[in-house]
Amino acid sequence: MLRSAASIRSPTGGASPRLHQSPANFAVFHRRSSEICNPRSLRHACLAVSCSATAQGAETAEATLAQRLRLGKLEPDGLSYKESFIVRSYEVGVNKTATVETIANLLQEVGCNHAQSVGFSTDGFATTTTMRLLRLIWVTARMHIEIYKYPAWGDVVEIETWCQEDGKVGTRRDWIIKDYASGVVIGRATSKWVMMNQDTRRLQRVSDEVREEYLIFCPRTPRLAFPEEDNNSVKKISKLEEPAQSSKLSLVPRRADLDMNQHVNNVTYIGWVLESIPKEIIDTHELQTITLDYRRECQHDDVVDSLSSLEFGDLDSIRSLNGSYLSAQEDRCQFLHFIKLSGSGLEINRGRTQWRRLPR
Amino acid sequence: MSPTTAQLQHALLFSPRRLPRRESGGAPLQRLLSLRRPAGLAIRAAAGVETINGKKINGGGGLDQAALRPGGMFIEGWLVYRQTFAIRSYEIGPDKTATMESIMNLLQETALNHVSSSGLAGDGFGATREMSLRKLIWVVTRVHVQVEKYSSWGDVVEIDTWVDAAGKNGMKRDWIIRDYSTGVTIARATSTWVIMNRETRHLAKLPEPVREEVSPFYLRRAAIPGGGDAARIEKLDDRTAQNIRSGLAPRWGDMDANQHVNNVKYISWILESVPGPVLEAHRLASITLEYRRECRLSHALESLTSVAPPCGAAGAGGAAGGLSTVHLLRLQEDKAEIVRARAEWRRKT
């Protein structure tokens, strides 16, 4: 999942790529649907936000060198942002292709750069002036990434991103990932963000004027990375029934997993989900789709359990077919995931992954 | 058939390791030299040009874009390899600067691109062709990195790297990192490597064909005058360690293409047992890592740290408020050591 960070660089040159707003304690608040959600430290949508009335990008005199030389730029209509990245050697995993965590990191990077290129709040929180007055911050609700072809070391990928409103309360950021050389779409992603009051830790609806302030750089006609009906990015994720078919217990955050407010960043959760995939699947398949619903955050001293079960069927049925891959179903697996605190069993997040068999 | 200018440009721009090669024989260096460097690629001149009052002046769009192009370039007649990187947001740590881990990742990236761009690359990551034929890979035994100034998000850094022999069977690789816009050196590093058979996982001698491949690239130059920290690192144990953190486990995403834990990851485990107050008040000035044993996926690890008491001016602590730490990373099960490290810290201002 994306590490939500508002990539703001204040004109004085201080960067605050990882956003934090940290509640000292977990406060529980209710969504309208009375689903229990926990606040987390500030995970910011890298939104196109402009504080000023003008529609120009932030071309301050102190723009950083990388900004000036940036390999990415706003599209001519100003409504989306495109950037190219080369896949580095250390971002490549056992399959000799980029890991899904690398992809997630790049999605965050381009989202942050988009936000910055259209002008941003200077306090590092990706908020508009009005949002700050109302003490509002962004939190991630859901992340969905689909990868059709993993890039290898040395490949250049081009990522386009944009954001738009999503219902009355939410905002979404979409991405399309292409192989730069061939122009082929190799992945898509979408994410949903909501506004929360940082004091009450409650989700908050805002007036249209407040939303207008940041929606000014979003396409008005809906543009979806996943335009098809009933696609995977909107499917509800049910709670996995315990006992789980496969699990990895007592996972511990490392210091490197923490953001500035000492909360675990979003990409780490992807790693935890992968930890509970059975070896026979992860050795022979590659991740095609991952969807994560964020419920609660965790900190350095927490210990979590990562559980997974096939959404339909039983692992034993897959195991027994080992060596005789007769049915087409063998080539695709779908898992439900659940990450919870080891002690209390409180839900951290839930997810779904789809896997496809690697060519032998 | 020799590659066209367009092919070369495309290859260097997008895939440093897919540099088209001539089929005819000859040592790699000669092969490389026989490829005419298209004029259009010699855009960025070597250091020293366009420097006014110590600051690099960046010219028009073409020059700037070249600085950030995905590949790197050779300077000083193919002996030094130079690559530039923009620091990405996820490479930044809690104190808003690049982490030591990110810096070491960039060093690794430059090294690998050096090998592949030099026409030496075999099928492995960093192994030369003659090595791949013999199933050999380079394995690092010691790394020393010292950082004078940490970069922030959006900064552009320029890394120069070169190799030299280390003893009879080893290789040494040095790096210098500069801030691209100011030209100031912000970090230096040196490393020692040996050859290992990737199947038996045993050390091997440097075969003569491999020596012939790499020796044209040897450059006798030290990134760190005095050679960096070569002193012995003591081995900590339960008694001498002040802090132990157990239960650290490599994750699936920590494995590299050689199927063992990427050696840069060790830094994050080493730091796990550094006391919180030390991390909050200090920044790593330098770190020396001695790699003893490989780490494969299933092994749980323990991280031990001992903080050396800050001495007077003559002590290891050095500058006011600085301190030293010694580290050990070992297997939880049988206490076999994986990495030893020593770090020098300086107080954050």
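Because the structure is a prediction, the values reported are computed rather than measured.
- For B:Glu272, the salt bridge (charged side-chain N to carboxylate O under 4.0 Å, His left out) partners two or more places apart in sequence, or in a different chain, are B:Arg245.
- Taking the centre of each ring, A:Tyr180 and A:Phe85 stay at or above the 6.0 Å mark.
- Looking at A:Leu251, there are no atoms closer than 4.5 Å to chain B (heavy atoms on both sides), in backbone or side chain.
- Annotation for B:Glu333: atom CD does not count as buried by contact number, only 12 or fewer foreign heavy atoms lying within 6.0 Å.
- Side-chain atoms of B:Asp254 come within 3.5 Å of backbone atoms of B:Arg251 as a donor-acceptor pair (strictly under, hydrogens ignored).
- Near-neighbour residues of residues 276-283 of chain B relative to chain A, defined by a heavy atom under 4.5 Å from a heavy atom of that chain, comprise B:Gly276, B:Leu279.
- For the side-chain hydrogen bond (donor to acceptor under 3.5 Å, both in side chains) test, residues two or more places apart in sequence or in another chain that qualify with B:Lys265 are B:Glu101.
- Under the rule for a side-chain hydrogen bond (donor to acceptor under 3.5 Å, both in side chains), the partners of B:Thr325 that lie at least two apart in sequence or sit in another chain are B:His327, B:Trp345.
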